[in-house]
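Proteins get letters first, then strands, A, B, ... in listed order; numbering begins at 1 in each.
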Amino acid sequence: MSFIDPKVLEKIGRLDLKAKMVVEGFISGMHKSPFKGFSVEFAQHRGYVQGDDLKHLDWKVWGKNERWYIKQYEAETNLITTVLMDASASMAYGGSKASGRMSKLAWSRLAAAALCHLVLNQSDAVALGVFQHEITQWAERSTRKVHMHRICALLEQTKPSGETGVARVLHAMADRVKRRGIFFLISDLFEEVPDLLDAFQHLRHLGHELVVVQVLDDDEIEFPFEGMVQFKGLELAVKVKCHPRSVREAYLKELHDHLAKVKAACQRSNIDYILANTSHPVDVVLSAYLQKREALAGAGSRGAIRA
Amino acid sequence: MIFLNVMLAGFVVLGAVPIIIHLLNKQRFRVVEWAAIQFLLKSLQKNSRRLQMRDLLLLLLRTLAVVVAALALARPTLTPGHFSLLAGSSAINAVIVLDNSRSMGYRDGTQTRFQDAKVRAKAVLDQLPKGSGAALVLMSDVAQADILQPSQDLTFVADAIEKAPLSDGGTSISAGIAKAWEILKKAEGAREIYLITDGQANAWPAESDTGWKALAAELGARHDLRLYLAEVGHGETANVSLDDLQPVDPLVATDTDTTFTATVVNHGGPALDNLTVQLLADDGHGGELRPVATGAVDHLQGSSQVQLSTRFTSGGRHRIEARLAPDHLEADNHRYLAIDVIDRLKVLIIDGSAEGGYAGGAAFIRAALAPGASQADENAAGSLIDAEVTTPAALADTSLDAYQAVILSNVADLTPGEADGLKTFVAGGKALIVFPGANVGPEIYNHLLLDRAGILPAKLGEHPIEFGDGGGSGSGATSATATKGTTFATSGLSHPIVAYFQSKDTQPFLVQPHFYQAFPLTPVPSEGALGSASAVVARFATGQPAIVERGVGAGTVLLFACGADRQWTDFPLQPAFLIVVRRAVQHAVLSGRVPATVQVHDRLLANLPARDANTRLPVLDPRGGRTSLLVNLASNGRTAHAEVTDTPFAGFWAIGEGPTARRFATNGPAAESDLATIDQRGIERVSGPLQWSFVGAEGDAGAQIARARVGREIWPLLITLAIACLLAESYLAMRWTPRSA
């Protein structure tokens, strides 16, 4: 398995190419799909009408009775994947320019595209939801390869803004997606853990599988600031002036408490949990998760994976 | 608390630097748009109070370190009485001995040393601990306690210092210290003496001074007594003074040229040229002084004398002043005299010879006193002395009040009443001159005038002694034929009567008279009820006393060993007789008078008629001050006297007002003009066991005294505190603020 240099990946402008390279980088080493197989079942015939695609003509019926019928199929897959990407204002953080790191949103965008590409490659249906306080952009599920273009276009148009509402969105999606499937949630999860837990359990109750990718920046994990700093909230309209050295310990404790609670909530709900650092390449993170998932699938159990 | 380097205390403002840096740091920050703001908010909410307290504590430690370090630079000293736990002392009883001698009037620029001394004295008061008391002693050649015991009202003491006058006296350190100790001896607790002086060398007693040695030993043994010596002035010694002013002839008379000798002294400094000395005199009636003569010193190195002559037209007491051009020490450029100028004297001559005229000597005496007068004209015009001749028989009926002198010439017999009358006459300030002769019975004189009246200066021998064979005993032999006998001795001519013959020009006159017979005189050795011990005015060449003097009450008695006739001597025929008799009369008359020119701090005494007793007379001092005093009746009941007990200023004084005022002159000691100083080593040598803390003439006296005092400097404590603050700040900052994220 070979990973793509993030710097090389950064120079590639088109998201679909990036996603393809990311996926091809780690999928080549895998023997089979990490997800369950898909199938297409025949539903009925109907008469051809002008404008129908000729590829759907049932040539066997035309050969027998020279009538033109169109074959209709019930698109039923055993894996309906929904990728939910957080595009709230807090996802805009990407450290200083000197750090060269991607913003959380950019990293999430690439991760979402890669996942969609992976699913479509397996002829499974994938849907994409971009949310802030609620779903702001939505790409209906589809198995068609061309769906990838729409997904990428939608992701590239995404701009970070507004407050996040992960729990609210998850509840909405639980109501919206009736058929069981896999949900990929890519967010920094800066939200109250009890609300999140409630939403997770809502989805799990409906039989959905949920994979949570919590995206954080190095700065958020290390809090490496020096000197007097005024912190200006990206989502909350507050300003805090302090000496970071003096509050670092307390901040990290608060953060770690939060992460521990999120992780615990995921474990309690049997949810895969990935804590992703934007300084780590997307393919590395996804690869590690998928390999782990593959291994766990073989063993008959699943668990949270940390990249 | 006193700061020894008070200027450096200004660095305390640097304590604001950490605060300013803190505030500036709060203004200088960078803005970070932060996603995980809620965690930051939570951490701050939980820790904000603790963080604020930490910040405040660190800021406080930084500020305290700077402030304390700045205070340490200023060298704070805990004085006794303040912060007693640290300083370990209590209130002090202090005596400020303020030198107000004449040399303290030395003016350097606009300020005199005395003004500087007052400033220093107030600085001493300012640095006294709370609850302390202070007294003030003004020290010249006498020490006067201006405040008799330490007063805790230091404002009152400061006021007394401000009002303290500069005197014209000398300086006596021993008197000042003795007076200060007299005050402090009764005080309790810590005691301090502050001597503020200009460091004149001659103010200090000699090492061998027994009184000083005893005082130094007593004070040196007192461990609860501290002595401080604060100097003023800058050690200048250049000074020119008028050290003396005297008439060449102490007997000053009207209408004769009177010469005064002024002594000008250059005390150190370069030689001076063309110094002018001016002589001023009044009219004898209390009028203004006016210049009467001027003299000059061409080149002054050391001392020089200037002769200044004038002539008085009226008798009585005159005020004389000599002046030099002003210099830094103005007070010693003046010298004052109050002299009695003799105008006319009335003398009564009692002629004891039966023949009268020249036979009894009275005519010789009268001729000597009034040389221009004829026998017929008894009140000869132009003579200074009116001499009347009478007989012993007429003495009883004669009032002596009108006469200044009585001369007994060969009076054979006296009654006890006459002896008592003469005693009263002399005791009242008049003069008696006795010329014994062949008629005199020694036993009567010895009995009445010596044993009874106690006025005779010497005991007369029973028999006259003969000098050689030239003189017969009452034989009427003339001196013209005599070749032997004796003369006056030419040595020991210091008495004013014979001082005239000291010079080579006049001495031959004194050896011309020959004496063939004379009474042996035995001077009275001890003082009687009225009279003082006798003094020999002149001797014969054989050594026997020729003239003996004795002060009796306010008057004087002169006893000659030989008569004024020619029986025993040719003295009446010689020029010396005229001189000796005239000077004897003048001296006897004047010597009975109270001295009119005295030293500063000596008393002034005016003899007044008895009718003035119990009245108050004004006293005018040389600086225009006016007081009054009570006239007391004398013990004899016939006279009264007014006495000014202290005269701190040089110049002219007056007791009474108008024409009847008694005028006096006072002068400071000449030694006070010598400004040579003594150094610390010299003071320590003279002081023996006394330990002085020296306060230099420059700088803040209060701070120097505080430094000299066993106060505690606490800068090491403050430096330690500052270092402790810095260490604590560093430790806490490291503990609370991780170096790396």
Quiz item: Which bit of B:Leu40 comes within less than 4.5 Å of chain A, counting heavy atoms only: side chain, backbone, both or neither?
Solution: both

Quiz prompt | Spatial distance of atom OG (B:Ser43) from atom CD (A:Glu249) [nearest 0.5 Å] | solution = 11.0 Å

Self-check item: Separation between CD of A:Glu254 and CG of B:Leu44, rounded to the nearest 0.5 Å
Solution: 10.0 Å

Quiz item: In Å, rounded to the nearest 0.5 Å, how long is the span from NZ of A:Lys239 to CD1 of B:Ile37?
Solution: 11.0 Å

Quiz prompt | Contact leader toward chain A among B:Lys46, B:Gln38, B:Arg30, where contacts are heavy-atom pairs under 4.5 Å | solution = B:Arg30

Exercise. Please round to the nearest 0.5 Å and tell me the distance separating atom NZ of B:Lys42 and atom NZ of A:Lys253.
Key: 11.0 Å

Quiz item: Between A:His258 and B:Phe39, what is the ring plane arrangement, given parallel below 30°, perpendicular above 60°, and tilted in between?
Solution: tilted

Quiz item: Looking at SG of A:Cys242 and CG of B:Leu41, how far apart are the two atoms once the value is rounded to the nearest 0.5 Å?
Solution: 9.5 Å

Quiz item: Under the 3.5 angstrom rule, does the side chain of A:Gln230 hit a backbone N or O of B:Phe29 as a donor-acceptor pair?
Solution: no

Quiz prompt | Exercise: identify the closest heavy-atom pair between A:Ala250 and B:Asn47 | solution = CB-ND2, 3.2 Å

Can I get a per-line list of side-chain donor-acceptor pairs under 3.5 Å for residues 61-70 of chain B, giving both atom names and the distance, sequence neighbours left out?
{"unit_1": "B:Arg62", "atom_1": "NE", "unit_2": "B:Glu729", "atom_2": "OE2", "d": "2.6"}
{"unit_1": "B:Arg62", "atom_1": "NH2", "unit_2": "B:Glu729", "atom_2": "OE2", "d": "3.0"}
{"unit_1": "B:Thr63", "atom_1": "OG1", "unit_2": "B:Leu59", "atom_2": "O", "d": "2.8"}

Exercise. Below 4.5 Å from any heavy atom of chain B, which atoms of A:Asp219 appear? Answer side chain, backbone, both or neither.
Key: both

Self-check item: Atom group of A:Tyr93 that falls short of 4.5 Å from chain B, counting heavy atoms
Solution: side chain

Quiz item: How long is the gap from CG on A:Leu236 to CH2 on B:Trp34, to the nearest 0.5 Å?
Solution: 13.5 Å

